[in-house]
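Quick caveat: nothing in here was measured; it's all calculated off a predicted structure. Note that these values count all heavy atoms, side chains included, but never hydrogens, waters or copies made by symmetry. Numbered from 1 within each chain, the chains take letters A, B, ... in sequence-line order.
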Amino acid sequence: MNFDFSDDAKALGEQAKKLFADKAGTAPARKAMASGAPDFDAGLWAEIANLGWTAARVPEAHGGLGMSAEESCQLAEAAGAALAVVPLVSTLLATEALLIAGTEAQQAKYFPGIADGSLIAVPAWNEPGAVTPATVATTASGHTLTGSKAPVPDLPGAHLAIVAAAGPDGPSLWIVDLNDALVEPVETLDLVRRHGRLTLANTPAEPLGDPAAYQAWLDRAAVILAYEAIGTASAAMDMTVEYAKTRIAFGQTIGRYQGVKHKCADMFIKIELARAHALHGVAMIGSDGAELRQAAAAARVASLDALSFTAEETVQLHGGIGFTWESDCQFYYRRARALTASLAARGWWADRLVRALELRNRAAA
Amino acid sequence: MNFDFSDDAKALGEQAKKLFADKAGTAPARKAMASGAPDFDAGLWAEIANLGWTAARVPEAHGGLGMSAEESCQLAEAAGAALAVVPLVSTLLATEALLIAGTEAQQAKYFPGIADGSLIAVPAWNEPGAVTPATVATTASGHTLTGSKAPVPDLPGAHLAIVAAAGPDGPSLWIVDLNDALVEPVETLDLVRRHGRLTLANTPAEPLGDPAAYQAWLDRAAVILAYEAIGTASAAMDMTVEYAKTRIAFGQTIGRYQGVKHKCADMFIKIELARAHALHGVAMIGSDGAELRQAAAAARVASLDALSFTAEETVQLHGGIGFTWESDCQFYYRRARALTASLAARGWWADRLVRALELRNRAAA
Amino acid sequence: MDFNDTPQEAEYRAKARAWLEDNAAEYREPPETAWKLDEFIQRSKAWQAKKFAAGYTGITWPKAFGGQGLGPMQSIIYGQEESRFHAPSGLYSIGLGMCIPTVFTHGSAEIAERYVPKALVGDEVWCQLFSEPSAGSDLAGIRTRAVQDGDEWVIDGQKVWTSFAHASDYGIVVTRTDPSVPKHKGLTMFIVDMKAPGVEVRGIKQMSGGSDFNEVFFTGVRVKDTHRLGDVGNGWKVALTTLMHERLAVGGKPRHAPGYETLMKLARGVEAPVGGPAIEAGDVRQRIAQSYINDQGIKLTQMRALSALSRGQMPGPEQSISKVVVAKTMQEMASFALDLAGGDGFVTGADGDPELAKLQGSYLGAAGLRIAGGTDEILRNIIAERVLGLPGDLRPDKDKPFNAAA
Amino acid sequence: MDFNDTPQEAEYRAKARAWLEDNAAEYREPPETAWKLDEFIQRSKAWQAKKFAAGYTGITWPKAFGGQGLGPMQSIIYGQEESRFHAPSGLYSIGLGMCIPTVFTHGSAEIAERYVPKALVGDEVWCQLFSEPSAGSDLAGIRTRAVQDGDEWVIDGQKVWTSFAHASDYGIVVTRTDPSVPKHKGLTMFIVDMKAPGVEVRGIKQMSGGSDFNEVFFTGVRVKDTHRLGDVGNGWKVALTTLMHERLAVGGKPRHAPGYETLMKLARGVEAPVGGPAIEAGDVRQRIAQSYINDQGIKLTQMRALSALSRGQMPGPEQSISKVVVAKTMQEMASFALDLAGGDGFVTGADGDPELAKLQGSYLGAAGLRIAGGTDEILRNIIAERVLGLPGDLRPDKDKPFNAAA
């Protein structure tokens, strides 16, 4: 039985937590919230690239370290916990798409830039009016795309987008050089992470090598994003537990009241359930396992449930102060909506999970 | 604003609560649970008839008191609270069917017996294999019915059944003299209330005057049963609150712990929400109001939610003793399943509620 | 059983409605852009004066204090009718609803004579200064001190969550006058002049972006002993009567907050997670049903309370469930609806959809509503203790001198 | 990352599997009708003796006590393999899992020598006598007294929730030996002969109809001081080590309890509340997903713990979530499934459907599982306090003499 991260992956996660503890967290997030603040923390990004995190998942042949999805997940969790104002998770998601579906030439062209941090890549599947990743109206004509993508996380400041466009057998993935496209900022409920709208009007684009990769990419993205959500939820829980240990009401710390402590226990329970499924997802990515579809969907649903519950009760258990602009609670409350929007809400993923279970049943029958 | 029971109805409810406090409750329920115990408490039934409760809703022209649905609901709540081992609620439901859909001749034939307690009437819609009141496989041919009805509450010991059979425009209601039919006992999760199976094989039957009355009867039945469920849930809550005031753990009564007291508060919240909708239902019955369909469905859903939550947490908050055969908790836990089975589960009624809201929207548009 | 007015109530309603039709015409539609504070205050004062002249202020107050001496139903009926307009009446709700009744109940005759009429006509605006940073749910834990100096008291400390402090002329303030006795016993209530030297008001920006509340800092603020409300050391009991007025204000869903109808409308326009129109999906329908049960259940519960008032009885304990149900339902429904709306539910500002913006506002606002005026946890305690008779939480500080407790 | 055994683990598993194939063949299928108590005991003893002879008992115990001196993974692997059969091993789970480790940890060498071998080979059955009617969650509140009389102690009182008391030869019993000191300090643990005069065992019938537990009454039962486990007054600490062994037994879903697969199967066969096959309805699919997440989530969580053991580390705190999730999930899933099944879900006995009977059993049993071995509330306290480090509830009785507390 070896159902846990490798020591290497854990060490990278520890390194990331340590750096983010110094350089990220709610104080930099608050700075990023100011109007006119840069799209992301360029200094921190340079440091990240320098430490090889963007290279971690890139194959050695293309200037990377050839590490596994475990490393991506450890980085996503650390970034989520620290609300780090860098396009790290977006770049990891785009990396995953290039990795599973990019041609040799595409990988050779883009991976070196991703690895050294000079090329920021983001996935763009969401469209105005679309409610799930199954609905993609952007059309392809020859080697051009036409359509609109929004809200796209980390789009402002990015160089490359992995774009979903309608194909004959469902959506497929294309590469768009953002120099060729119109990128505009879009305001969202998350005041820290920048989002954008990508307008494609016969914009040059090249399809990824494997057009069927969209579904496989969704699975992998769900696992990585589950770790981001787990990181954010854990940070919110930790902050709440600390507050409950110190805040006094009616002559005792509020953490003594079962009304408070049972909610904290529920946060832990939901987060650990999410961890179990997310780890299952990483294991299935690592082994190309048949259970990836169900593990990814379960990880997505469980992590969103953990994050939304934790974010809501974080405000609640902080009481009046938790509802002020000055409190850090709002970062988690708003980020919960951001991470929901980043890859469709729980309902669609729960249905996808049951479809996966049905398929497995049919296969077994 | 006059949104409350009449003083007369309240007085009848008080009278019922008083009688049941003496003659019903968990101790008689425990006796009724013994194998070989009679189907119901005949002495209590005679007293009930004597007090005119079975006559309350019967028109004066047919030997009754001509009272409103408010009185039926007050009686149902009191019977539910006391777990009274009498076929009172079933007879009230059957009375409602005769009242809204019986011909003058049918009313003249059956109401006097119902009024004086000599005729016990029960509705029978449930069928093996059916999951909702919309699915009725029993067929009519001329003035006979063929099919099977189970589980039917209070069927053993009853004289008359109001039976749902498939009609050209959906189910319709028929009267079956139980002397003409095969009645067998059926074991259920509720060990106190007797249930039966009614086997109809070209059994003589007469249709109620208004074949479309089935839907209207469902609405009225839902309101009356909501009050039965509210009565049962309130009794369980009261017992739990009393226990929480006296049971000591870790040096204090367990009612001081928020883990316990917040659950008791949630019982109260759910019961009061159910009361609001159930009262809306009674008001709509009384005024033939257009909102009866939605009020009845909401009352049904809210009362089942209140009862199942209260029953489950009643066992839970009693701890180990609550899970023993000797504890009274099991009566509520099992009755919650009985009242669910008695008129379809919450899911169907929630859907019916939304259909009613959609219809109203369309009518308003 | 019906939802109708009694003949007397119907008559009062008709009169009020007619007066409003004539006098509130300019407030028939919501303002196209929200009023700035100055205009809001100016319009509020003008509207209050109009209402006063017509006898629609202090409806339930004794005539001796300038009130109308009518019952709670008349007050509610006027409120219902006024709420069909967008008249600016919120500026006075705390002052006239909570502060002034405390002033005429616990203040001297001279004090009442000085302050009540001007408040009623709207010339002077009042605020309530109770909560503090370290005393939210535990209101009796306040630390703002008042020290006697001859026939005056000197107040130092900080209050928080004060509505309209910046627009107020006076406030009622709870202070600690004796820290050497248990916390409930060392409190005293005063009237304070909000324009006095040493009073500083700062806005609090909320998570939702609005600034509906203030912090108020007191530095050596002097108050005459004649402006004390109730006995020295009796401030807790005085505060409780003030709060009782708050609790009587039946708290339903905020007026324009999205409800189950919003969810139905949205569900007709978007695709379900399982495919097909969302309105036809089982999970969406179950959620609509739950929203209806909670929204409409609270409305109907309030009608139960109104019926009791209309019959001249006290409302039952059922209305205590209102806020805890409303706030959580708002949060759950908004979250589910925003999920249904996909990425559009996350976009704000100029690119956002105005209908979805309401749901976003509701999601943010509900987090505050679950806390303001008693957290979900405190309200459940209150239901369990006051309605069901369960014992209170253990309070280790209850009998200890305030300055010796943790 | 994988779910595979290490080579050593695989070897041990293969050996155990082969042995079981040869020796447990008669238990391959569940008995057609449940064994009566006598037959159950007889078969249990025979099976235990066989396991002992083959070295599959006391797998993790020191060799000095007759154990195999192996790691927890070996014990778990043997258990996994044995669970493929329907062998009767439950009779010894408490005795060997909890009682005997307490005996050899806290008893004298003579005592260990007398009792451990006979327990291990299965000749003597043990039970644990901790809970009392007035001491459930609050175990330290027990009232059963032991009074010293020369070199003996005399025990009077009542225990409850004792598994297999009627089949047991010995038990470990916590008693109060000094009521004048605070409650955790006046306890002492003894070995008691269950056949001694004054011991009376009565079955407890559960709400679900089963009788898996007993009440045990002690009237003047005499125990030698040599049979004391640990020091006088140290019984609480001894009991904690016993309970630690219980907590190490990772508690997942009961072996044959219905899970999400049951709900899926049912949903394929019945109509949805909204019409159409239930498996296609959004609300049913959401519920299946939730059941999978909880059921499978706990399974995966246990695998995380096993991986730690396999690596020679202590499992993390995550396994503490197991029972609280499992029990509530069982109750919620069974309730939803029975709702889906309509009236058939309510019918029992000869007229009932056997598949639905399992769901009914699960609904009844889950109510007990949410209480047994720590209520949902106590388990949340434990997670909050031991994992998250939140402070304990206020305990007014903590430092008071037991006989002076409420």
Peer 1: Name the region of His195(B), side chain, backbone, both or neither, that has any atom closer than 4.5 Å to a heavy atom of chain D.
Peer 2: side chain

Peer 1: Identify which part of Leu317(B) has an atom lying under 4.5 Å from any heavy atom of chain D, answering side chain, backbone, both or neither.
Peer 2: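 For Leu317(B), side-chain heavy atoms alone lie under 4.5 Å from chain D.
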
Peer 1: Under a 4.0 Å threshold between the charged nitrogen and the carboxylate oxygen, would Arg193(B) count as salt-bridged to Glu228(B)?
Peer 2: yes

Peer 1: Which region of Thr324(B), side chain (C-beta onward) or backbone (N, CA, C, O), has a non-hydrogen atom less than 4.5 Å from a non-hydrogen atom of chain D, or is it both or neither?
Peer 2: both

Peer 1: Please check this pair: side chain of Gln206(D) against backbone of Asp212(D), looking for a donor-acceptor N/O pair closer than 3.5 Å.
Peer 2: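 It does hold such a pair.
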
Peer 1: Contact part of Thr253(B) toward chain D, heavy-atom cut-off under 4.5 Å: side chain, backbone, both or neither?
Peer 2: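 Neither; nothing under 4.5 Å.
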
Peer 1: Side chains of Thr138(B) and Glu127(B): donor-acceptor distance under 3.5 Å anywhere?
Peer 2: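 There is such a pair between these side chains.
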
Peer 1: Between Gly136(D), Gly141(D), Ser137(D), which shows the greatest number of heavy-atom pairs under 4.5 Å with chain B?
Peer 2: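 Top option by heavy-atom pairs under 4.5 Å: Ser137(D).
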
Peer 1: Lys183(D) versus chain B, heavy atoms under 4.5 Å apart: side chain, backbone, both or neither?
Peer 2: side chain

Peer 1: Within a 6.0 Å radius of atom NZ on Lys328(D), are there more than 12 heavy atoms belonging to other residues, nucleotides or ligands?
Peer 2: yes

Peer 1: Name the member of Ala344(B), Ser342(B), Gly320(B), Ala341(B) that forms the most heavy-atom pairs with chain D at distances under 4.5 Å.
Peer 2: Gly320(B)

Peer 1: Could you look at Ala338(B) and say if it's the side chain, the backbone, both or neither that has a heavy atom under 4.5 Å from chain D?
Peer 2: both

Peer 1: What distance do Ile204(D) atom CD1 and Asn214(D) atom CG have between them, rounded to the nearest 0.5 Å?
Peer 2: 6.5 Å

Peer 1: Below 4.5 Å from any heavy atom of chain D, which atoms of Pro133(B) appear? Answer side chain, backbone, both or neither.
Peer 2: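 Neither the backbone nor the side chain of Pro133(B) comes within 4.5 Å of chain D.
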
Peer 1: Tell me, side chain or backbone of Arg247(B) under 4.5 Å from chain D's heavy atoms, or both, or neither?
Peer 2: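 Only the side chain of Arg247(B) comes within 4.5 Å of chain D.
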
Peer 1: Ala140(D) versus chain B, heavy atoms under 4.5 Å apart: side chain, backbone, both or neither?
Peer 2: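 It is neither, since no heavy atom gets under 4.5 Å.
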
Peer 1: Write out, in numerical order, the residues from residues 262-273 of chain D with a heavy atom short of 4.5 Å from a heavy atom in chain B.
Peer 2: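 Within residues 262-273 of chain D, near chain B: Val270(D), Glu271(D), Pro273(D).
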
Peer 1: Please determine, among Ala372(D), Gly352(D), Ser134(D), the option with the most heavy-atom pairs under 4.5 Å with chain B.
Peer 2: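 Among Ala372(D), Gly352(D), Ser134(D), the one with the most close pairs to chain B is Ser134(D).
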
Peer 1: Counting only heavy atoms closer than 4.5 Å, note whether Glu313(B) contacts chain D via side chain, backbone, both or neither.
Peer 2: side chain

Peer 1: Going by the rule ring pair (Phe, Tyr, Trp, His ring centres under 6.0 Å), which residues pair with Tyr333(B) if we only count those two or more places apart in sequence or in a different chain?
Peer 2: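 Tyr333(B) satisfies ring pair (Phe, Tyr, Trp, His ring centres under 6.0 Å) with Tyr363(D) once adjacent residues are dropped.
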
Peer 1: Between Arg197(B) and chain D, with a heavy-atom cut-off of 4.5 Å, which part of the residue counts as in contact: side chain, backbone, both or neither?
Peer 2: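 The answer is the side chain of Arg197(B).
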
Peer 1: Could you tell me which residues satisfy side chain to side chain donor-acceptor pair (under 3.5 Å) with Asp353(D), sequence neighbours excluded, listed by chain and number?
Peer 2: none

Peer 1: Taking only Lys NZ, Arg NE, NH1 and NH2, and the carboxylate oxygens of Asp or Glu, determine whether Arg256(B) and Asp393(D) approach each other closer than 4.0 Å.
Peer 2: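 Between Asp393(D) and Arg256(B) there is no salt bridge, as every charged N stays at least 4.0 Å from the carboxylate O atoms.
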
Peer 1: Which heavy atom in Ala164(B) sits nearest to a heavy atom in Val136(B), and how many Å separate them?
Peer 2: O-CG1, 3.4 Å

Peer 1: Checking heavy atoms, do the side chain of Ala130(B), its backbone, both or neither come under 4.5 Å from chain D?
Peer 2: backbone

Peer 1: So, Arg334(B) and Asp190(B), do they make that salt bridge, N to O below 4.0 Å?
Peer 2: no

Peer 1: Do Arg194(B) and Leu155(B) pass the side chain to side chain contact (heavy atoms under 4.5 Å, CB included) test, and can you show the C-alpha distance, the side-chain angles, and the key distance before you say yes or no?
Peer 2: CA-CA 7 Å; Arg194(B) 296 297 192 273; Leu155(B) 184 70; over 6 Å; no

Peer 1: Can a salt bridge be assigned to the pair Glu355(D) and Lys358(D) using a cut-off of 4.0 Å between side-chain N and carboxylate O?
Peer 2: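 Answer for the salt bridge query: yes.
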
Peer 1: Among residues 335-345 of chain D, which ones touch chain B with a heavy-atom distance under 4.5 Å?
Peer 2: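 So the qualifying residues are Ser335(D), Leu338(D), Asp339(D), Leu340(D), Ala341(D), Gly342(D), Gly343(D), Asp344(D), Gly345(D).
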
Peer 1: Would you tell me whether Gln215(B) and Asp219(B) have side-chain atoms, one donor and one acceptor, within less than 3.5 Å of each other?
Peer 2: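 No, because no side-chain N or O of Gln215(B) sits under 3.5 Å from a partner of the opposite role on Asp219(B).
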
Peer 1: Given a strict heavy-atom distance threshold of 4.5 Å, which part of Ile321(B) is in contact with chain D: side chain, backbone, both, or neither?
Peer 2: backbone

Peer 1: Output the distance between atom CH2 (Trp325(B)) and atom CG (Leu191(B)), rounded to the nearest 0.5 Å.
Peer 2: 5.0 Å

Peer 1: Considering only heavy atoms, which portion of Asp376(D) lies under 4.5 Å from any heavy atom of chain B: side chain, backbone, both, or neither?
Peer 2: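 The answer is both parts of Asp376(D).
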
Peer 1: In Å and rounded to the nearest 0.5 Å, what is the CG to NE2 distance from Leu37(D) to His166(D)?
Peer 2: 4.5 Å

Peer 1: Run the salt-bridge test on Lys245(B) and Glu242(B) with the 4.0 Å N-O cut-off and return the result as yes or no.
Peer 2: yes

Peer 1: With chain B, which of Ser211(D), Ala278(D), Ala367(D), Pro133(D) has the greatest number of heavy-atom pairs at distances under 4.5 Å?
Peer 2: Ala367(D)

